[in-house]
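Here's the structure, in structure tokens; my notes come after.
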Amino acid sequence: MRFQHLESLSLCGCTELNDSGLTRLLSYGSNLQKLNLDCCLKVTDYGLSLVASGCPSLTSISLYRCINISDDGLETLATACLSLKCINLSYCSQISDKGLKALTQRCRQLQAVNISHCESIRGVGFKGCSKSLTHVEAWSCKLNPEGVTGIISGGGIEYLDVSCLSWYPLGDTLLGIRLSSNLKVLNFRMCRSVSDTSIVAIAMGCTLLEEWNLALCHEVRISGWQAVGLYCQNLKRLHVNRCRNLNDNGLQALRDGCRSLSVLYLNGCVHVTPFALELFKSHRANVCIKDEEVMCINPYSPFR
């Protein structure tokens, strides 16, 4: 009887836990809201069906590296746990857009989804998602243009991480992000094929941006930097580490614009001269220039 009011349970790292170990949730999971099954390598779709049956009040579940979970298990979960708000599917290699669609269409309170390193997901499963979805992490994914449009289709996205986006043979996939009018944090780190066309469109369309990571975005050139300086007037933190085509003129465009900028992460930009950097410092003494390379700051991330 002592577990009748259990609300949060972490089984993270229980690599030997199998489906039968989850049967207790049928008796004690009715009030469970948060469940962590990270690295539970032996849990399968059947185990997830036990979670779905026993935990109808579930609002958050982490399935990081649950490699035996497939679309079938995710569909079962989405059918039973309609109050789900946060789900981590990173490294769930068997999940595709089919399972993702079941999740986004049935769980209309969904706020945060992590699909990082899910190689079978293109993003189209997000199409028609609820406006409640504000946070998506999709680093090292193989998103296509339709998938990117799907992610932002609900209209509520505020935090989007598409860092290390896999190369797409038909060109830049990220132009659709320009329609994300509520976007505040955008991570493009190592999106090496993102073009000036997308950078200009996003800078013009996402005027609420407060942080933008463009580290190692080698195809951003002067027109891109000029657009960031001109249109990103709410930008507080900008990452330009190791951008091969940031030069003195690009840095000047950032110096003359981005009036809210407080932190500039800059190192390894071989075409920026010491003189241009000193000019930036003298004109924008209120901007802290850091030579460290960090990911976007998000102290409120549901996946930390």
Side-chain angles (χ1 to χ4, degrees), residues 9-26 29 32 34-130 133 135-144 146-148 150-151 161-162 164-166 302-303:
L9 176 64
S10 177
L11 299 171
C12 174
C14 296
T15 56
E16 296 302 312
L17 177 73
N18 57 26
D19 294 338
S20 63
L22 296 174
T23 55
R24 291 290 185 90
L25 293 177
L26 296 173
L32 196 68
K34 297 182 179 181
L35 178 62
N36 188 328
L37 295 175
D38 289 358
C39 299
C40 292
L41 307 180
K42 293 185 177 181
V43 171
T44 72
D45 289 338
Y46 176 67
L48 201 56
S49 73
L50 295 175
V51 172
S53 298
C55 310
S57 301
L58 203 64
T59 60
S60 176
I61 185 168
S62 186
L63 299 169
Y64 168 79
R65 288 192 186 275
C66 288
I67 56 176
N68 287 307
I69 298 296
S70 75
D71 290 336
D72 291 340
L74 196 57
E75 288 181 21
T76 301
L77 184 73
T79 300
C81 300
L82 299 180
S83 298
L84 205 60
K85 295 180 179 178
C86 176
I87 185 166
N88 186 349
L89 299 169
S90 56
Y91 291 92
C92 290
S93 55
Q94 295 191 56
I95 298 293
S96 74
D97 285 289
K98 181 173 178 281
L100 186 62
K101 181 178 180 180
L103 184 73
T104 59
Q105 295 305 304
R106 296 172 186 172
C107 302
R108 303 303 287 179
Q109 299 179 50
L110 204 61
Q111 297 174 0
V113 178
N114 188 340
I115 55 165
S116 300
H117 285 278
C118 291
E119 297 180 355
S120 298
I121 290 180
R122 301 293 176 265
V124 295
F126 282 104
K127 186 176 181 180
C129 60
S130 170
L133 185 65
H135 183 116
V136 172
E137 295 187 26
W139 34 277
S140 296
C141 282
K142 297 179 179 178
L143 303 175
N144 61 28
E146 187 181 355
V148 170
I151 290 174
D161 184 345
V162 291
C164 305
L165 183 70
S166 293
F303 304 117

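Between atom CG of residue L11 and atom CG of residue L37 there is a gap of 5.5 Å, rounded to the nearest 0.5 Å. Atom NE2 of residue H117 and atom OG of residue S166 lie 9.0 Å apart, to the nearest 0.5 angstrom. Rounding to the nearest 0.5 Å gives a distance of 10.5 Å between OG of S53 and CG of L25. A distance of 7.0 Å separates OG1 of T44 from CG of N68, quoted to the nearest 0.5 Å. With values rounded to the nearest 0.5 angstrom, R108 atom CZ is found 11.5 Å from L82 atom CG. Distance check, rounded to the nearest 0.5 Å: CG of L22 to CG of L35 gives 7.5 Å.
Screening D72, D19, L63 for a side-chain contact (heavy atoms from CB on, under 4.5 Å) involving L48 leaves a single residue, L63. Paired with K98 under the rule side-chain contact (heavy atoms from CB on, under 4.5 Å), one option of D71, L74, I121 passes, and it is D71.
Distance alone, capped at 3.5 Å, is enough to place a donor-acceptor pair between the R106 side chain and the E75 backbone. Within the 3.5 Å criterion, the main-chain N or O of G125 finds no donor-acceptor partner in the side chain of Q105. Side chain of N144 to main chain of G147: a donor-acceptor pair is present (N/O by atom type, distance under 3.5 Å, no hydrogens or angles). Side-chain N or O atoms of D97 include one that pairs as donor or acceptor with a backbone N or O of R122 at under 3.5 Å.
Closest of all the heavy-atom pairs between I69 and V43 is CD1-O, 3.9 Å. Of all non-hydrogen atoms in S90 and C118, the two that sit nearest each other are CA-SG, 4.4 Å. The two residues R65 and L41 come nearest to each other via the heavy atoms O-CD2, 3.2 Å. Contact record, I115 with C141: O-SG, 3.1 Å, taken as the closest heavy-atom pair. When every heavy atom of K42 is checked against every heavy atom of L17, the shortest pair comes out as CB-O, 3.3 Å. Minimum heavy-atom separation, C55 to C81: O-SG, 3.4 Å.
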What's the verdict on side chain to side chain contact (heavy atoms under 4.5 Å, CB included) for D45 and T76, showing C-alpha distance, side-chain angles and the deciding distance? CA-CA 8 Å; D45 289 338; T76 301; over 6 Å; no
Report the C-alpha separation of E119 and S93 in whole Å, then their side-chain angles, then the decisive distance to 0.1 Å, and conclude whether the side chain to side chain contact (heavy atoms under 4.5 Å, CB included) test is met. CA-CA 6 Å; E119 297 180 355; S93 55; 5.9 Å; no
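Ring-plane geometry between Y91 and W139 is classed as perpendicular, the angle between the planes exceeding 60 degrees on a 0 to 90 degree scale with a lower cut at 30.
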